[in-house]
Amino acid sequence: MLDLKRQYAPLHQELLDALDHVLETQQFILGEPVAAFERAAAAQLGVAHALGCSSGTDALWLALAAAGIGPGAAVVTTPFSFFASVSAILRAGATPVLADIDPATFNLDPAAVETVLKGPQGEAVRAILPVHLYGQCSDWTAFARLEKKFGLKLIEDAAQAWGAEWKGTKAGGLGDAAAFSFYPTKNLSAAGDAGMVATNSDDVAERARMLRQHGMRRRYYHDEIGWNARLDGFQAAILSVKLKYIEAWNDARRTVARRYHALFHASGLVESGSYPRNGIVLPHEVPGSRHVWHQYVIRTTRRDQLRALLAERKIGSEIYYPVPLHLQDALKSLGYREGCFPEAERGAREVLAVPIFPELREDEQQTVVNAIAEFLS
Ligand SMILES: Cc1ncc(COP(=O)(O)O)c(C=O)c1O
């Protein structure tokens, strides 16, 4: 699925020098290495504030809590995401309310959200948390309209979307606050767990900074119950190096995605519309958005057999995500059941992510496409 060694090889010495610098300064937690990364990250995203933290999960919690979302508040989000999109809402003390996805993009469907907002659960909703799934921004034009109409906050789960854009604005600067993950498989990745909160609000930034350090504004004076959600200097140093290359890597991902499109079309397997019949449906880039292709996800009705064949051929593939969040055992208490979100449920049965990373070669892509074509024809 992903060969991180190809990214590492040309950066080897630069990364070692960056780590050595942290050792020289002995600033292991927050401090100058983290502050330098935060400045560069904020400049690249075009946001006022970037705050490094311990993971994408903690970034989501910090973004919510710092934006004032807590007990008594409900937050609308998607059932088709990584678990943390919902668990962070619970961790903030708020109540997750789910709405179905758009089958063309797999992102939260603004029309479904509006139905929730107008329904009995709408009263308690204080925020919407769209996830920019697979590296493509959610429909921000529609969510910004809902934000105004219903007086809500918008929190971005941008864990998979460093560098993605909606109508010229980068993910991270669209909502009231945003969360990024630098988990090693993400398109901008650390060498361990790391995350970041981005915001244009001075208030949200100030609160998030306080909450990531046990609610301290002054050392050992605790104003609120925060948490230890700090970023360490080694991760920040690695991220500062990679920040210089991420735009080029995202461009390379876009090239790889274009090549998949051409190769799949040439195979004669591609079907139009959102739902597959006998062939495959390709991922869709919404006009006006800049997809960064964290994942390249096709749809097919014979997904599980296809995946088994790919595994036999030693071709990586993955299912993001096999169980929608409303059907997860840990979230039974939310009160949803099978049938509540048919698009998410159908997506969970049909999606298959094929290998994508900046260094993936055309001959390797051809091998992937040939194997899929052989199986489906
Ligand atoms: C959509 C989404 N949200 C949140 C997270 C949580 O990030 P992390 O694994 O860094 O805690 C991830 C990463 O796995 C993710 O893909």
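When a ligand or atom number is given, it counts from 1 through the structure's own listing order.
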Against heavy atoms of [X], which atoms of ligand 1 measure under 4.0 Å?
{"X": "Val131", "value": "1 (C)"}
{"X": "Ser81", "value": "1 (C)"}
{"X": "Thr57", "value": "6 (C), 7 (O), 8 (P), 11 (O)"}

- Message: Can you confirm if the NZ or CZ of Arg302 lies within 45° of the ring axis of Phe375 and under 6.0 Å from the centre of its six-membered ring?
- Response: yes
- Leu174 backbone acceptor or donor facing Glu156 side chain under 3.5 Å: yes
Students should be able to answer this: which protein heavy-atom is nearest to [atom], and at what distance?
{"atom": "atom 5 (C) of ligand 1", "value": "Phe82 CD2, 3.6 Å"}
{"atom": "atom 3 (N) of ligand 1", "value": "Asp157 OD2, 2.8 Å"}
{"atom": "atom 16 (O) of ligand 1", "value": "Gln160 NE2, 2.9 Å"}
{"atom": "atom 14 (O) of ligand 1", "value": "Lys186 NZ, 3.0 Å"}
{"atom": "atom 15 (C) of ligand 1", "value": "Ala159 CB, 3.5 Å"}

- Message: Does the residue Tyr321 have a heavy-atom contact with ligand 1, meaning some pair of atoms that are separated by less than 4.0 Å?
- Response: yes
- Is the CZ atom of Phe150 crowded by more than 12 outside heavy atoms at less than 6.0 Å? yes
Under a 4.0 Å threshold between the charged nitrogen and the carboxylate oxygen, would [Y] count as salt-bridged to [X]?
{"X": "Asp58", "Y": "Arg230", "value": "no"}
{"X": "Glu114", "Y": "Lys118", "value": "yes"}
{"X": "Arg254", "Y": "Glu285", "value": "yes"}

- Query: Can Arg207 and Glu224 be said to form a salt bridge (Lys or Arg N to Asp or Glu O under 4.0 Å), step by step?
  - Reply: CA-CA 10 Å; Arg207 271 184 64 74; Glu224 283 185 52; 2.6 Å; yes
